[in-house]
Structures are given as C-alpha cells and as structure tokens.
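The model shown is predicted, which means the values in this text are computed figures rather than measured ones.
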Amino acid sequence: MPDSQFRPFETHLDRDAARGILRNTLIGADDGELFLERCRSEVLSFDDGRLRTSSFDASEGFGLRAVQGETVGYAHSTEVSEQAMHRATGTVRLAIGAGSGTLAAAPQATNHKLYSDHNPLTDSTFPAKIDILREIDAYARNLDRRVVQVSATIAASHQEVVILRVDGPDVSDSRPMVRMNVSVIVEQDGQRQTGYVGGGGRYGLNGMLEPTHWQPLVKESLRIAVLNLAAIPAPAGVMDVALGAGWPGILLHEAIGHGLEGDFNRKGTSAFAGLMGQRIAASGVTVLDDGTIPNRRGSITVDDEGTPSAKNILIEDGILVGFMQDRQNARLMGVAPTGNGRRQSFAHAPMPRMTNTYMLGGSVDPQDMVADIKDGIYAVGFGGGQVDITNGKFVFSCTEAYLVKNGKVEAPVKGATLIGDGATALRQIRAIGNDMRLDDGMGNCGKQGQWVPVGVGQPSLLIGGLTVGGSAT
C-alpha cells in the first residue's frame, strides 16, 4: 500500500491558481477556506469463528466554504481540479450573494504536533490481522466453557488534510487512528449475557496487535459478561448514584458537553444559554475540553479550520466560564475561536464539536464515597443513551452496576438506566473522587449527521437524587 504524503498542490492543483479561485469565492465574505482531504480506512471484523466483514475505504476530495454572517455557502467534490473548484465557486456564491463582509485573518500557525504522521494501515499485513482475530476468538473460548460467541474488530485509518486560505501559509495535518473492540457472549442455564470492551487512539497498530494488549481486553469483556449472569433486576426510584471513573464520563459528554458548544448557545437552544459567569454546578466541579493531549482519540493538532487545538476550561469550580467555538460562532459571539471547529470529512462543513471532554479530580477516596451511600447504585459502565440538548434531559443504560446498601457494594444489577438532566445533575454532585482518568479511546460523537472521534473522562462522582429506572418488581 502506498504511503506517500498527500500533496494536492503537487499532484492535483496549482497552489496559486487555487488561491486565486478561493479569493474570488470569498469576495464580500467574512471567512472561508479550501479544505482538501485524503482518507484511507480499513475494518476487519471476526464473528462467531469466521471473518464477517473486511472493508477498505478510500476517499479524496475538497470542500469549499464561504461564510457571511450566519450564512454558510458550501460545496464539495471528489474531483480535485481547477474545473471542479470553479463549479463549486458558483454554488457557494449563490448562498452568500454579493456579500458585504471583511475577510477575517487566518488562524495563527502552529508547529506543535500531538501524534505521528505514520500511516497505521501499513503496520501489518491482511493475513496477519486475520490470524490475530482468530487467536482472540480461540483465546476467549479457552478461558471459559460458557463462551458461546466472540466478536473482535481491528480498525485503522489515516486522514490527511490540507487547508488553504487566501492569506497565510497552508495548514496540514496527518491523523492516524486505530481501535480494537472485543465482545464476548456467555450462556448459562439458558441465560445469555454480553461483555464488551474496546479502545484505541492516534498511534500505530503494532502494539495493539500484541497478546499483551488484546488478552486483557478479552479477559475484561469475559468478566463483564460473567458478572451479568449473576445480576439481579435493578431497583427503580430516586436514589444516590456513584459513578465510576473514566468511560462514565460519556454522561458528562452527552448531558453537559453538547450544551456547552457555541452554536447551541448563540442560538439560545442550549439549557446553558445566557448563564455565562453564573454557577451551574456544585463547588469543586471543573470541566475542560482539551484537544491537546498527545495520541488521544479526540485530540487534533489543528481543527478542521486550521485553528490549533487548545485546552479550554468550560466550567471552573462550578462557574460557567467558556463555550467551545469554531470561527463563525466565535465571531458572531464576539469571542476567540477555541480550536473546536470540526467536520467529519471534506463533504461536511465544520461546526463546534468536542475533542476530549473531562472533569478534573477532587480529593475524595472512591471507597469513602460509596461508604456514604445508604441505599443506591454504583454505576461503572455505560452503554447507549439519549439526550435532549435543549433541556439537557438524558437517559443512559448501565452495562455494569451494583446495588449499594448501607455503604457496602452488593449484588450486580441489570436493566438499570439513569434518568435526569445535566444541569440538575451538575448541581447535585456531592463528592468528587481523586481517581480521574480518561476513557480507553472508544468514543464517537454524532451531531447533525456528522460523526467525529472524541474522548471522555472523569473521576468517580457521587450524585444525589438521580432517578434510576429498573426492572425489579
């Protein structure tokens, strides 16, 4: 597989000619750019003893954008040529009309990189990856005779982008991504339960394909599945809930993070709109969105507008102090961009999106936190959920949770859901653990039909008075 660098101004376009077309496109506009992308991705899925899916995708194209006030003209093409750019210009100009704006200055350049340029698709051969998936299947089945089905996936991608503006240097970024998922189904006495784990980040495949990496994944997925065989129906009602560290931060991401994106607040549709500078969370709660953590799944050296990523404080000691911004919303709100302008691909316009969103740790020992619960739930793992951005109301299902009685963790429970709203949950945080950690690198975030990789994290938390939906009678 070729591993040559993406150089569109050497292979497809004359740089000066492309800049001239872009300049004509942006007459009277406030902002805009030419976004060029090449992406290669591969997914191999092994399920129930055989290769179920093998896919390789290759895409290449450009997106041309002009922004005037709240209006965005956008056109894209898989043909990277001057002729295609001229056609795109006609479409974009229809949206913004004559325009009366003044073109904003280009983002400040950065030479700081958060991950390697290496293409992870070149790290291993196709047969070798199949052999590893087969080993994972056999290893899981040999661990426990109750295993009836094993699913494992190896995924890798390499996205290369080049952003051209009328002024300033070209901005480029080479973004690797890898991930491995393992799911195990066990059966006992006619009951089946599933355990699932996964993770990855912006690095190569080599370390991920070693037994020292994937064997612990298999053991953890098996542990969760076996644990749930003994689970009892979850109780229902309003009760205290302790959340584990790491991946449970997905609740923070969904119920709170989206409400702190600039576009929702500019339009007044967020539950947090108009609350800047006010207390929205309990004392001690500090939430950040940080795209600068090396090799993390949600990290980006520059966002998809060319703005360097940043470590942005959103909530500080319970006070709302910032939103996540792309260039358009930042300009309209009179603030600086925060490096959160992201898009799924060249076929999509950028918008404010999260990177790695997490809460800082506190000083409480997690065991002491659980010891304070008289009658409640300790939720360690989460599955799917739904959130209404306008009011922050959420429903999340728990994949691993336990009853807590008089400060002691008791039986695992199944069928538990957490119900509430982000704003209320923030204010009802009673204790913050000293064990903050990030997730293992498995998050994808959807917004307006676009998907981007993200990270989450949090310490253990004690939240008072959450509604737990259960199946116990």
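- Donor-acceptor pairing under 3.5 Å is lacking for the side chains of Thr286 and Asp317.
- The closest side-chain heavy-atom distance from Val184 to Val186 is below 4.5 Å.
- One distance of note links CD1 of Ile300 with OG1 of Thr292; it measures 10.5 Å at 0.5 Å rounding.
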### Derivation of the side chain to side chain donor-acceptor pair (under 3.5 Å) call for Thr424 and Asp421
CA-CA 6 Å; Thr424 301; Asp421 69 86; 2.8 Å; yes

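- Under the 4.0 Å criterion applied to side-chain N and carboxylate O atoms, Glu187 and Arg146 are not assigned as salt-bridge partners.
- At least one donor-acceptor pair under 3.5 Å links the side chain of Asn265 to the backbone N or O of Ala273.
- Side chain to side chain, Arg223 and Asn228 fail the donor-acceptor criterion of an N or O pair below 3.5 Å.
- Judged by distance alone, with hydrogens and angles left aside, the side-chain atoms of Arg202 form a donor-acceptor pair with the main-chain N or O of Ser299 at under 3.5 Å.
- Here the closest non-hydrogen pair linking Asp290 and Tyr358 is OD2-OH, 3.2 Å.
- Two rings, from His118 and His158, have their centers 6.0 Å or more apart.
- At a cut-off of 3.5 Å, with distance as the only test, no side-chain donor of Tyr378 or Asp240 sits close to an acceptor on the other residue.
- Side chains of Asp289 and Asn340: a donor-acceptor N/O pair is present below 3.5 angstrom, by distance only.
- Using a 4.0 Å cut-off between a side-chain N of Lys or Arg and a carboxylate O of Asp or Glu, Arg141 and Asp48 qualify as a salt bridge.
- Counted by atom type alone, Gln149 and Asp47 present one or more donor-acceptor pairs between their side chains at under 3.5 Å.
- In this structure, the side chain of Lys447 engages the main chain of Pro352 through a donor-acceptor pair within 3.5 Å.
- Between Glu305 and Arg342, none of the side-chain N atoms (NZ, or NE/NH1/NH2) sits under 4.0 Å from a carboxylate O, so this pair counts as no salt bridge.
- For Gln278, the CD atom counts as densely surrounded, since its 6.0 Å shell holds more than 12 non-hydrogen atoms of other residues, nucleotides or ligands.
- Of the charged side-chain nitrogens involved, none lies within less than 4.0 Å of a carboxylate oxygen, so that Asp117 and Arg175 do not count as a salt-bridged pair.
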### Task
Check step by step if side-chain contact (heavy atoms from CB on, under 4.5 Å) holds for Tyr402 and Glu410.
CA-CA 6 Å; Tyr402 303 85; Glu410 297 189 348; over 6 Å; no

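- The existence of a salt bridge linking Lys405 and Asp375 is confirmed by a sub-4.0 Å separation between a basic side-chain nitrogen and an acidic carboxylate oxygen.
- Gly392 and Ala271 make their closest contact through N-CB, 4.2 Å (heavy atoms, listed as atom of the first residue, atom of the second, distance).
- With respect to the salt-bridge test (charged N to carboxylate O, under 4.0 angstrom), the residues Asp263 and Arg266 do not qualify.
- At distances below 3.5 Å, not a single donor-acceptor pair connects side-chain atoms of Arg179 with backbone N or O atoms of Gly441.
- Under a 4.0 Å N-O distance rule, the pair Glu33/Arg343 qualifies as a salt bridge.
- A heavy-atom distance below 4.5 Å is not found between the side chains of Leu222 and Glu220.
- Using modelled atom types, one finds no donor on one side chain facing an acceptor on the other under 3.5 Å when comparing Glu210 with His213.
- In plain terms, the two heavy atoms of Leu44 and Ser54 that are nearest each other are CD2-OG, 3.3 Å.
- Salt bridge status for Asp439 with Arg296: present, with a side-chain N to carboxylate O gap under 4.0 Å.
- Open room surrounds NZ on Lys393; 12 or fewer heavy atoms of other groups in view lie less than 6.0 Å from it.
- With a 6.0 Å radius and a threshold of 12 heavy atoms from other residues, nucleotides or ligands, Gln191 has its CD atom above the threshold.
- Here Arg40 does not pair with Glu160 in a salt bridge; the nearest charged N to carboxylate O distance is not below 4.0 Å.
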